[in-house]
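Right, one structure below, let's go through it.
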Protein chains: 2
Amino acid sequence: MSSTQLSRKEQIDQVATSLFKSRGFAATTMRDLALELGIEAGSLYSHIKSKEDILQRVCFKMADEFNAAFDEVKNKDVPAGEKLRLAVAAHVRVLTKNPPAAGVFLNEWRHLSEPSLTKFHDMRYSYEESLRAIVREGIASGEFKVNDEKFVVLTLLSSLNWLHMWYKPEGKMSPDEIAEFLSNLLLNGLKNF
Amino acid sequence: MSSTQLSRKEQIDQVATSLFKSRGFAATTMRDLALELGIEAGSLYSHIKSKEDILQRVCFKMADEFNAAFDEVKNKDVPAGEKLRLAVAAHVRVLTKNPPAAGVFLNEWRHLSEPSLTKFHDMRYSYEESLRAIVREGIASGEFKVNDEKFVVLTLLSSLNWLHMWYKPEGKMSPDEIAEFLSNLLLNGLKNF
DNA sequence: AAAATTTGCTAACGGGCGTTCGCATTAGTA
DNA sequence: TACTAATGCGAACGCCCGTTAGCAAATTTT
């Protein structure tokens with residue numbers, strides 16, 4: 001039994017999220033969604049404004065969670081390597097807390113229409129820029145031996161953002177253990193792990 | 001001017017690939033595709049069997065290229081670290097040779113229907129398994145300090161497979177330089193890069 | 001008990017979809 | 001020149017899509 005019961009609207013968002021993730025936004029029909037909820041397609045519109053309305057809510061809610069988690073790390077006064085560890089852990093925690101929503105956030109955002117799409121792009125850019133700032137810090141202090149922070153952040157996010165594809169809550173590694181593994185791999189590499 | 005001219009069918013595949021990548025398979029209509037080619041939608045069917053027909057051709061052609069590139073590396077008698085470098089380079093070369101096709105291969109394959117879908121899954125699994133074998137080798141010889149080859153390969157492929165999202169042929173890094181950068185990052189890490 | 005809100009149904013709308021069909025036109029080949 | 005293949009048109013098909021409208025229960029609030 002769930003501790004807090006969801007409103008019908010929240011139920012719709014949740015079921016839609018899971019369908020959007022597994023079939024994709026464009027390939028999910030309102031009739032599919034209604035069927036999953038045991039109601040008729042028309043009935044959905046007592047609760048939501050449109051199909052894209054759902055997508056917007058999911059995408060921006062996830063964006064908020066990523067930002068909130070990162071804000072707690074941002075201004076800590078620790079070496080870059082340690083800060084990167086904390087950022088990775090925060091990111092992984094958000095990703096694993098709700099894998100379907102993470103999947104939609106990462107793969108279906110392009111079906112947003114303007115002006116949501118531009119807003120989404122901007123939020124994403126500023127998140128990535130914050131990560132680049134950490135890497136730049138580490139390069140400046142000599143802690144990181146690399147010289148291209150853009151490439152590093154791209155690679156970092158790439159490995160993190162595939163997580164939702166295979167992560168299972170019942171698996172043997174906890175989100176924090178996963179974060180530690182990924183941080184070690186990125187910072188020390190296979191040979192010095 | 002292109003050295004070899006494409007048949008109409010190959011033209012269709014190429015334009016479709018680029019649309020599938022940028023808008024997604026489901027969100028690309030046959031009328032969009034026809035418009036891009038300057039013909040009517042119905043005319044497409046003088047050359048192709050169906051919409052999914054195109055997707056199948058693109059996906060399996062890419063799969064073949066990945067396998068062919070990897071086969072040249074597979075049985076080389078070199079240390080695991082070196083073999084992994086070669087495998088990464090081969091993978092990156094295929095990814096960057098045709099980024100739109102790579103994008104379709106990586107993100108749109110789920111729109112394949114049976115039995116193609118199962119066949120695709122199987123090919124992908126065996127490719128990943130070959131990579132895991134290399135990592136296992138490195139662990140056994142003590143060259144790699146890590147202990148979970150599944151996780152390593154997942155992370156490796158994750159970072160490689162995001163490449164097509166931002167790689168531009170006219171960018172300042174060549175495919176081989178990119179491969180070298182990624183190999184160094186994976187093998188030595190940020191701190192020992 | 002009355003009023004208001006939430007939830008849902010059925011039926012239908014306008015439109016877009018992948019695809020087919022019959023027929024023309026062009027280009028290559030013998 | 002005649003045959004054949006490649007290429008394309010335009011109209012139409014049956015179907016499915018997101019969404020709307022009007023109405024009826026049920027549930028919650030006052």
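Residue numbering restarts at 1 for every chain, and letters A, B, ... go by the order of the sequence lines. Worth knowing before you read on, the calculation uses all heavy atoms, side chains too, and leaves out hydrogens, waters and symmetry mates.
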Round to a whole Å and report the spacing from CZ of A:R8 to P of D:dT28.
14 Å

Mind calculating the distance between CZ (B:F25) and P (C:dC17) to the nearest angstrom?
13 Å

Please confirm whether B:F70 and B:H91 have ring centers closer than 6.0 angstrom.
no

Member of B:V104, B:T28, B:L106, B:N107 meeting the side chain to side chain contact (heavy atoms under 4.5 Å, CB included) criterion with B:K21:
B:V104

Would you say that more than 12 heavy atoms from the other residues, nucleotides or ligands in this model lie under 6.0 Å from the CD of B:E72, or not?
no

Check A:D13 with A:K61, please: is the shortest side-chain N to carboxylate O separation under 4.0 Å?
no

Test side-chain hydrogen bond (donor to acceptor under 3.5 Å, both in side chains) on B:Q14 and B:E10 and set out the steps.
CA-CA 6 Å; B:Q14 186 177 302; B:E10 288 165 331; over 6 Å; no

Under 3.5 Å, is there any donor-acceptor pair linking the side chain of B:R31 to the base of C:dG18?
yes

About how many Å separate CG of A:L131 and NZ of A:K150, when rounded to the nearest 0.5 Å?
15.0 Å

Nucleic acid contacts - residues 38-54 of chain A versus DNA chain D, non-hydrogen atoms under 4.0 Å
A:G42, A:Y45, A:S50, A:K51

Pairwise distance NZ(A:K9) to NE2(A:H47) - rounded to 0.5 angstrom:
10.5 Å

Under 4.0 Å from any atom of DNA chain C, heavy atoms only: list the residues of residues 109-116 of chain B that qualify, in numerical order.
none

I need the CE-C1' distance between B:M30 and C:dT20, as an integer number of Å.
13 Å

Base, sugar-phosphate, or nothing for B:S7, non-hydrogen atoms under 4.0 angstrom?
nothing

Rounded to the nearest Å, what distance is computed from the CD atom of residue A:E10 to the C1' atom of nucleotide C:dT7?
16 Å

List the steps and the verdict of ring pair (Phe, Tyr, Trp, His ring centres under 6.0 Å) for B:F120 and B:Y125.
CA-CA 9 Å; B:F120 189 89; B:Y125 179 85; over 10 Å; no

Whole-Å distance, B:L33 CG to C:dG16 C1', equals 16 Å

